[in-house]
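Note that this is a predicted model, so its numbers are computed, not measured. Excluded from the calculations below are hydrogen atoms, water molecules and symmetry mates; all remaining heavy atoms, backbone and side chain alike, are included.
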Amino acid sequence: SAADLYPGFHLSGAEQVALFKGIVFDGYQKDDYQVTVKEIEKTSEIIKVEVTISSDSGTTLPTNHYRSIIHLTSTRREAPSMPLPDIHSMKAVNPDASVIYQDGTLFHGADFRGVKQILKLDEGGTLLLCEHEGVDPNRQGQFPVKELNVFLTDVMYQSLLIWIRRYHDCASLPLSTEMVDIYKVLPFGRPFYVLLEVISADEFGMEADITAFDAETGRVYMKSHNARVTMSKELQWA
């Protein structure tokens with residue numbers, strides 16, 4: 001939405017990404033949600049806006065669902081490179097990761113099933129090989145892939161759920177992300193790696209950095225800094 005308001009600018013980052021009250025599609029969700037964009041800073045090269053997604057609460061104040069400060073730049077930043085893993089010398093933890101979408105680890109339908117292999121999984125994090133052939137434009141809805149591939153960004157964050165299921169045997173939900181660097185749109189039909197590096201974890205939640213980078217060139221697509229989730233033994237995927 002922010003990128004659409006500023007033609008010629010590119011999505012380059014997001015900071016203070018926060019979830020207040022998730023939107024649950026349970027048949028009782030609102031018919032309409034508001035996206036409010038507030039300009040914070042604007043030059044010929046950089047624009048920062050605060051974006052809030054909210055709905056009518058039936059009272060004086062709206063219900064806020066999500067908020068973030070979005071960074072836009074007139075030119076794309078040069079992407080750093082990550083060293084490519086030697087997958088031939090690795091013994092994959094799970095060479096066919098399709099099972100994680102069926103055994104309760106993850107709950108995602110076909111549009112979001114992008115994890116192909118779990119190459120590494122230890123207390124320090126995980127390394128995933130991912131790819132998705134694409135989502136039909138008719139299914140992409142009101143916010144099709146342009147400056148951000150929301151389907152593959154979701155695949156990035158699935159690494160958190162995989163790690164928590166392995167080391168805490170419970171489900172989890174996102175809370176916030178301190179900063180996201182965006183260098184290039186994650187592409188359909190091309191393999192990429194997701195590297196999760198755990199910063200801290202306890203029985204209530206965890207915090208980690210997540211990097212998505214090209215499987216052939218090592219160029220970074222996105223990096224999420226200090227992504228936080230909450231975990232609960234009582235939480236079950238329907």
Could you please spell out the steps behind the side chain to side chain contact (heavy atoms under 4.5 Å, CB included) verdict for Asp209 and Thr211? CA-CA 7 Å; Asp209 290 342; Thr211 307; 5.5 Å; no
Charged N to carboxylate O below 4.0 Å: is that the case for Arg166 and Glu123? no
For Glu133 and Glu131: C-alpha separation, side-chain torsions, deciding distance, then whether side chain to side chain contact (heavy atoms under 4.5 Å, CB included) applies. CA-CA 7 Å; Glu133 64 276 7; Glu131 186 175 359; over 6 Å; no
Please, which pairs that meet ring pair (Phe, Tyr, Trp, His ring centres under 6.0 Å) have at least one residue in residues 160-193, sequence neighbours excluded? His132-Phe188, Trp163-Tyr167, Trp163-His168, Tyr193-Phe213
side-chain hydrogen bond (donor to acceptor under 3.5 Å, both in side chains) partner of Tyr101, the single match among Gln158, Arg113, His108: Gln158
Nearest non-hydrogen partners of Ser224 and Met156, listed with the distance: OG-CE, 4.0 Å
Smallest separation among heavy atoms of Ala208 and Met206, with atom names: CB-CE, 3.7 Å
Taking Gln140 for the side chain and Val135 for the main chain, is one N or O donor matched with an acceptor at less than 3.5 Å? yes
Quick one: side-chain contact (heavy atoms from CB on, under 4.5 Å) partners of Thr63, sequence neighbours excluded? Lys21, Ser55, Ser57, His65
Under the 3.5 angstrom rule, does the side chain of Asn226 hit a backbone N or O of Thr177 as a donor-acceptor pair? no
How long is the span from the CD1 atom in Ile23 to the OG atom in Ser54, to the nearest 0.5 Å? 9.0 Å
Show your working on side chain to side chain contact (heavy atoms under 4.5 Å, CB included) between Val115 and Val155 and close with a plain yes or no. CA-CA 7 Å; Val115 179; Val155 171; 4.0 Å; yes
Do Leu127 and Pro85 come close enough that some side-chain heavy atom pair is under 4.5 Å? yes
Taking atom NZ of Lys184 as the centre, report whether more than 12 heavy atoms of other residues, nucleotides or ligands fall under 6.0 Å from it. no
Salt bridge check, Arg77 against Asp181: does any charged N sit closer than 4.0 Å to a carboxylate O? yes
Determine, using the 4.5 Å side-chain heavy-atom cutoff (strictly less than), whether Phe151 and Leu11 are members of one ILVMFWY cluster. yes
Heavy-atom closest pair (Arg76 atom, Val185 atom, distance to 0.1 Å) is NH2-CG2, 4.3 Å
Here the gap from Asp169 atom CG to Met231 atom CE, rounded to the nearest 0.5 Å, amounts to 11.0 Å
Reported CG-to-OG distance for the pair Leu128 and Ser159, which is rounded to 0.5 angstrom: 6.0 Å
How far does CD1 of Ile46 sit from OG of Ser12, to the nearest 0.5 angstrom? 7.5 Å
Any sub-3.5 Å donor-acceptor pair from Asn138's side-chain atoms to Gly141's backbone N or O? no
Using side chain to side chain contact (heavy atoms under 4.5 Å, CB included), reason through Leu175 and Val229 one step at a time and then give a plain yes or no. CA-CA 5 Å; Leu175 288 176; Val229 294; 5.7 Å; no
Hey, is Asp214 close enough to Arg190 for a salt bridge, meaning N to O under 4.0 Å? yes
Should we count CD of Gln34 as having more than 12 external heavy atoms under 6.0 Å? no
What pair of heavy atoms forms the shortest contact from Val198 to Ala201, and how long is it? CG1-CB, 4.4 Å
In chain order, what residues pass the side-chain contact (heavy atoms from CB on, under 4.5 Å) check against Ser74, with sequence neighbours excluded? Phe9, Glu45
Quick check on the hydrophobic clustering: are Leu173 and Phe20 connected, directly or via other members, by side-chain heavy-atom contacts under 4.5 Å? no
Beyond-backbone contact of Phe143 with Val150, side-chain heavy atoms, under 4.5 angstrom: no
Thinking salt bridges, do Lys146 and Asp4 make one under a 4.0 Å N-O criterion? yes
For the backbone of Pro187 and the side chain of Tyr221, can you confirm whether one donor and one acceptor N or O come within less than 3.5 Å of each other? no
Leu195-Met179 co-clustered via ILVMFWY side chain contacts under 4.5 Å: no
May I ask whether Phe107 and Val194 are part of the same hydrophobic cluster, defined by side-chain heavy atoms of I, L, V, M, F, W, Y residues being less than 4.5 angstrom apart, directly or through others? yes
Does Arg219 use its side chain to pair, donor to acceptor, with the backbone of Ala79 at less than 3.5 Å? yes
Flag, side chain of Ser68 to backbone of Glu15, donor-acceptor distance under 3.5 Å: yes
Heavy atoms of Ala2 and Leu72 approach each other most closely as O-CD1, 3.9 Å
Between Lys30 (side chain only) and Asp56 (backbone N and O only), is there a donor and an acceptor less than 3.5 Å apart? yes
Would you say Asn149's side chain and Leu186's backbone share a donor-acceptor pair under 3.5 angstrom? yes
Quick check: does any side chain N or O of Thr126 sit under 3.5 Å from a backbone N or O of Leu196, one acting as donor and the other as acceptor? no
Any link between Ile182 and Ile40 through a network of hydrophobic side chains (Ile, Leu, Val, Met, Phe, Trp, Tyr) touching at under 4.5 Å? no
Are the side chains of Leu152 and Cys130 in touch, meaning some heavy atoms are under 4.5 Å apart? no
Point-to-point distance, once rounded to the nearest 0.5 Å, from CD of Gln16 to CD1 of Ile69: 4.0 Å
Pairwise distance OG(Ser98) to CG(Leu106) - rounded to 0.5 angstrom: 11.5 Å
